[in-house]
Colleague: 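Below is the structure I would like to discuss, written out as structure tokens.
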Amino acid sequence: MKKIILFVFLALIFNACKKDYPLDIPHWLQEMILKAKRTHGCFLYGKTLWIDEYKKGDSTFYMMHWYEERGYAIFDANGNTICTENNMGGDCEPHILPYLIHSRHIWNDDPNKCQDGFY
């Protein structure tokens, strides 16, 4: 009986600490995800968001996509903006994006939870 109680207790603790994003991402990116969660999934101006990780050699980049704008921004591992792209144009397509290799999906919010406007 004690083993069952211990097992249930450990399972509860383990699941309580579980994140819906990888723990090995930079702190600034974790903060952006937490900000999106605090705003009910509406990260910027009521736009929903998903994040992917890309590689180029030994360098890591993060692409943040905005659903409604069909746009995105690429950041380096330190959080510096490398380029932006949206339906009005940008500088990612010809110069940077073709050279990046998708390595994994990091996180996405629920587009059904986001409504137009600010939170």
Side-chain angles (χ1 to χ4, degrees):
M1 182 67 171
K2 288 182 182 180
K3 287 182 182 181
I4 293 173
I5 293 172
L6 179 62
F7 177 75
V8 170
F9 179 72
L10 290 175
L12 288 172
I13 289 175
F14 177 73
N15 286 329
C17 298
K18 200 173 188 180
K19 301 283 185 192
D20 61 348
Y21 56 85
L23 297 178
D24 63 340
I25 60 175
H27 182 71
W28 65 268
L29 189 55
Q30 291 179 22
E31 289 296 318
M32 285 191 151
I33 291 170
L34 293 174
K35 179 179 179 182
K37 289 179 176 186
R38 283 192 302 269
T39 57
H40 307 286
C42 301
F43 179 69
L44 180 67
Y45 305 119
K47 308 302 181 207
T48 53
L49 169 72
W50 83 92
I51 303 169
D52 289 318
E53 182 181 89
Y54 288 80
K55 299 282 187 181
K56 180 182 177 189
D58 292 337
S59 299
T60 303
F61 299 90
Y62 298 95
M63 181 183 290
M64 294 187 186
H65 309 260
W66 288 271
Y67 289 113
E68 290 85 355
E69 296 291 319
R70 301 204 192 308
Y72 57 88
I74 297 177
F75 299 86
D76 66 14
N78 295 318
N80 301 309
T81 304
I82 302 300
C83 65
T84 59
E85 194 84 28
N86 61 34
N87 54 4
M88 302 291 286
D91 54 352
C92 295
E93 290 292 336
H95 305 292
I96 296 169
L97 193 58
Y99 305 101
L100 299 179
I101 298 170
H102 185 267
S103 60
R104 64 182 172 163
H105 178 70
I106 299 296
W107 181 81
N108 62 274
D109 58 12
D110 182 355
N112 298 317
K113 291 183 180 178
C114 183
Q115 302 170 2
D116 290 334
F118 298 93
Y119 285 93

Colleague: How close do A77 and P26 get, heavy atom to heavy atom, and via which atoms?
Modeller: O-CG, 3.5 Å
Colleague: Does any part of the side chain of L97, heavy atoms only, come nearer than 4.5 Å to the side chain of Y72, both counted from C-beta?
Modeller: yes
Colleague: Taking the side chain as every heavy atom from C-beta outward, state whether R104 and I25 have any pair of such atoms under 4.5 Å apart.
Modeller: yes
Colleague: Would a 4.5 Å heavy-atom cut-off, applied to side chains only, mark N108 and H65 as touching?
Modeller: no
Colleague: I would like to know whether I96 and F61 meet side-chain contact (heavy atoms from CB on, under 4.5 Å); could you show each step before the answer?
Modeller: CA-CA 11 Å; I96 296 169; F61 299 90; 6.0 Å; no
Colleague: Would you say Y54 ends up clustered with I106 if hydrophobic residues are merged whenever their side chains have heavy atoms under 4.5 Å apart, either directly or through other cluster members?
Modeller: no
Colleague: Please tell me whether W107 and M32 are part of a single hydrophobic cluster in this structure, the criterion being side-chain heavy atoms less than 4.5 Å apart.
Modeller: yes
Colleague: If you round to the nearest 0.5 Å, how far is NE2 of H102 from CD of E53?
Modeller: 8.5 Å
Colleague: State, yes or no, whether a side-chain contact exists between L100 and I74 at a heavy-atom distance under 4.5 Å.
Modeller: yes
Colleague: Determine yes or no for a side-chain-to-main-chain donor-acceptor pair under 3.5 angstrom, with W50 supplying the side chain and M63 the backbone.
Modeller: no
Colleague: Can you tell me how far the CD1 atom of I33 sits from the NZ atom of K35, to the nearest 0.5 Å?
Modeller: 13.5 Å
Colleague: What I'd like to find out is whether the side chain of I51 reaches to under 4.5 Å of the side chain of F75, using heavy atoms alone.
Modeller: no
Colleague: Between D76 and Y62, which heavy-atom pair has the shortest distance, and what is it?
Modeller: O-CD1, 4.2 Å
Colleague: So with a 6.0 Å cut-off around CG of D58, is the heavy-atom count from everything else above 12?
Modeller: no
Colleague: Heavy-atom count around K55 NZ within 6.0 Å, excluding the residue itself: above 12?
Modeller: yes
Colleague: Using modelled atom types and a 3.5 Å cut-off, is there a donor and acceptor pairing between side-chain atoms of D91 and backbone atoms of T84?
Modeller: yes
Colleague: Search all heavy atoms of N78 against all heavy atoms of W28 and return the closest pair with its distance.
Modeller: C-NE1, 3.5 Å
